Amino acid sequence: MIRRAYSSILLFYLALHFIFPLIYYFNFGFVNLYSEQEFNGSVLRGVALNFIAIIGTIIVIQFIPEPKGKIAPRYNYSLSFLSISILILIAGRILSGGFEGALSGSLHGSIVSYLALFFDSSTALLLFLFYKKNVRLGVVVLILYVGFMTYLGSRSAIITVILAALMLPVFANEQKMRNQLWGLIAVLTVVSPVLFYIGTSMRGDVDKELLGKIIIGRISMVELSAIPIEGKTTGYMDFKLYNAKYGLVNQIKQCINEVSPIDPFEHDINPNQYYRAIFKGANEETAVDQYFSINLTFPTYLYLETNFVVACLLSILALSAIYYFAVRYRHNVIILLLVLMQTYHLLYYFDWVMITQGVFRTVLTVFTIKYFDIFMASLADAFRLIVRNKATNETL
């Protein structure tokens with residue numbers, strides 16, 4: 001079942017970010033959201049690079065044996081945990097002054113931002129769907145989750161729901177959730193342009209007439225993969241700035257900063273926020289002052305570090321190794337959730353710092369729910385004991 005879920009996640013990434021945009025381009029013309037250039041050769045190279053990485057991995061993992069059996073639920077209070085995570089998220093957004101305040105880091109170092117590390121909402125949602133004993137009202141919870149996240153400015157809540165549906169066959173809760181979950185996804189897919197518009201409008205003004213192109217441009221990784229490849233091929237990219245920011249030494253330093261209570265190294269913004277400065281000639285100071293995070297995909301990153309053939313081979317090797325790790329430690333909640341959650345993000349955007357942020361939040365959240373569940377069970381036992389003693393005294 002892990003193979004099925006893992007392959008589905010890889011194919012979803014390929015379909016959403018490459019196949020669907022390419023179908024649109026062939027019928028309505030290429031959408032340039034980040035540049036005005038045409039990248040004929042680079043587009044083909046970027047598409048081929050990602051196709052080979054995904055299809056090659058799916059072929060390779062067919063030869064890796066996988067034990068049968070679904071993962072059983074283990075938590076009783078994951079719905080309460082999810083509710084707290086959403087409340088913390090809402091409190092943070094209110095206290096920061098909205099989406100712009102959240103991006104500017106106005107709450108960095110605050111108690112709310114600290115608590116959010118231990119109550120990551122995406123992880124909490126999956127813990128509820130996959131690991132809750134006697135899961136009920138799953139679709140209602142998902143609808144509320146999508147509504148809250150969209151209102152808070154997220155444009156990817158529906159993607160989280162789709163990924164959850166793709167992962168669900170690994171878990172015993174699939175039998176209770178499958179039909180309702182896919183029915184909800186069908187509805188959300190129809191209304192997704194509206195959700196995208198609402199989520200975008202929470203961030204700022206949006207041109208309704210260009211909404212279709214904006215949606216295609218935002219989900220497509222065709223152009224964003226082509227721009228770095230074109231920059232390396234033509235020599236136009238800023239190699240010095242790329243090596244300084246995407247270089248392994250700087251990324252390791254920033255990753256250590258992310259997981260450390262203090263910054264042992266000089267703080268810097270994430271490498272992928274320098275994308276426009278490196279590949280589009282934007283001002284470096286502007287990248288620091290404004291949120292310009294743009295993604296280039298994991299295979300493209302490996303291409304920038306090596307060449308086409310080596311990047312394909314390394315991508316397949318890395319993704320296959322991740323799958324093997326998930327199968328080998330499938331009963332470990334942290335490892336299985338990390339693989340199922342972070343593989344998509346590993347492919348979609350790329351810098352190691354952002355991946356570390358996601359891994360760190362997931363690890364802390366899974367660690368927290370374990371003791372949260374024990375604490376809530378103790379409270380419930382204590383309450384039942386008080387009620388029983390009271391009833392006994394009244395009888396006497």
Side-chain angles (χ1 to χ4, degrees), residues 75 77-132 141-142 144-161 163-164 199 202-203 254-264 267-270 272-273 291 293 295 333-334 337-338 340-342 344-346 348-349 351-376:
Y75 301 121
Y77 299 96
S78 54
L79 179 56
S80 301
F81 189 84
L82 173 61
S83 301
I84 293 173
S85 72
I86 296 296
L87 290 175
I88 291 174
L89 193 63
I90 293 173
R93 195 56 52 88
I94 293 173
L95 293 174
S96 65
F99 187 80
E100 292 297 328
L103 288 183
S104 66
S106 60
L107 285 181
H108 284 181
S110 68
I111 185 64
V112 174
S113 65
Y114 180 73
L115 286 174
L117 292 174
F118 297 86
F119 290 86
D120 178 65
S121 57
S122 297
T123 306
L125 176 68
L126 299 187
L127 287 168
F128 165 74
L129 294 174
F130 300 159
Y131 287 101
K132 184 169 190 330
V141 172
L142 285 171
L144 292 174
Y145 174 84
V146 171
F148 277 124
M149 297 303 291
T150 301
Y151 179 75
L152 292 173
S154 172
R155 297 177 296 194
S156 59
I158 185 174
I159 292 180
T160 301
V161 176
L163 289 172
M202 293 298 173
R203 302 177 176 213
Q254 298 308 318
C255 288
I256 293 174
N257 283 349
E258 288 297 326
V259 301
S260 172
I262 60 172
D263 287 351
H267 176 73
D268 195 3
I269 59 175
N270 287 4
N272 75 357
Q273 293 189 42
Y291 186 77
S293 178
N295 314 313
V333 180
I334 291 178
L337 275 188
L338 280 178
L340 294 178
M341 288 183 64
Q342 296 302 325
Y344 172 77
H345 298 302
L346 172 73
Y348 176 56
Y349 47 64
D351 64 48
W352 290 114
V353 184
M354 193 169 284
I355 298 300
T356 299
Q357 291 170 343
V359 169
F360 190 51
R361 289 193 302 268
T362 298
V363 170
L364 291 180
T365 301
V366 175
F367 173 83
T368 303
I369 195 175
K370 176 181 177 180
Y371 294 99
F372 177 85
D373 210 61
I374 295 172
F375 174 73
M376 293 296 291

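What you see is a predicted model, and the numbers here were worked out from it, not measured in a lab.
Side-chain contact check for T362 versus I334: every heavy-atom pair is 4.5 Å or farther apart. Annotation: side chain of K132 is not in contact with side chain of Y75 (no heavy-atom distance under 4.5 Å). D373 is not listed as a side-chain neighbour of S78, based on a closest heavy-atom distance of 4.5 Å or more. Side chains of L125 and I86 form no contact here, defined as non-hydrogen atoms less than 4.5 Å apart. Using a 4.5 Å cut-off on side-chain heavy atoms (C-beta onward), L337 and F130 make contact. Side-chain contact between M341 and L163 is absent, with no heavy atoms from C-beta onward closer than 4.5 Å. Side-chain contact between L129 and L142: present, with at least one pair of heavy atoms (C-beta onward) separated by less than 4.5 Å.
Applying the salt bridge (charged side-chain N to carboxylate O under 4.0 Å, His left out) rule to D268 yields the partners K245; only residues at least two apart in sequence or on another chain are considered. Under the rule for a ring-ring contact (aromatic ring centres under 6.0 Å, His included), the partners of F81 that lie at least two apart in sequence or sit in another chain are F119, F372. Y131 pairs by the ring-ring contact (aromatic ring centres under 6.0 Å, His included) definition with F171, not counting sequence neighbours. In terms of the ring-ring contact (aromatic ring centres under 6.0 Å, His included) criterion, F128 has no residue partners (sequence neighbours excluded). Applying the ring-ring contact (aromatic ring centres under 6.0 Å, His included) criterion to Y348, with sequence neighbours excluded, gives H17, Y344.
The structure places CZ of F367 at 8.5 Å from CG of L364, a figure rounded to the nearest 0.5 Å. Taken to the nearest 0.5 Å, the CZ atom of F360 stands 11.5 Å off from the SG atom of C255. Note that CG of L87 is 11.5 Å distant from OG of S121, once rounded to the nearest 0.5 Å. A distance of 12.5 Å separates CD1 in I84 from OH in Y77, rounded to the nearest 0.5 Å. Residue S122 holds its OG atom at 11.0 Å from CD1 of I159, rounded to the nearest 0.5 Å. Taking CE from M354 and CD from Q342, the interatomic distance works out to 11.0 Å, rounded to the nearest 0.5 Å.
Listed by first then second residue, pairs satisfying salt bridge (Lys or Arg N to Asp or Glu O under 4.0 Å) with a partner in residues 353-363 read D120-R361, not counting sequence neighbours.
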Checking side chain to side chain contact (heavy atoms under 4.5 Å, CB included) for the pair L127/L82: CA distance, chi angles, key distance, verdict? CA-CA 8 Å; L127 287 168; L82 173 61; over 6 Å; no
As a quick check of understanding, evaluate side chain to side chain contact (heavy atoms under 4.5 Å, CB included) for D351 and Q254, giving each step before the final call. CA-CA 10 Å; D351 64 48; Q254 298 308 318; over 6 Å; no
Checking F148 against L89 for the side chain to side chain contact (heavy atoms under 4.5 Å, CB included) test, could you report, in this order, the C-alpha distance in whole Å, the side-chain angles of both residues, the deciding distance, and whether it holds? CA-CA 10 Å; F148 277 124; L89 193 63; over 6 Å; no
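Of all the heavy atoms in L117 and T365, the pair that sits closest is O-OG1, 3.5 Å.
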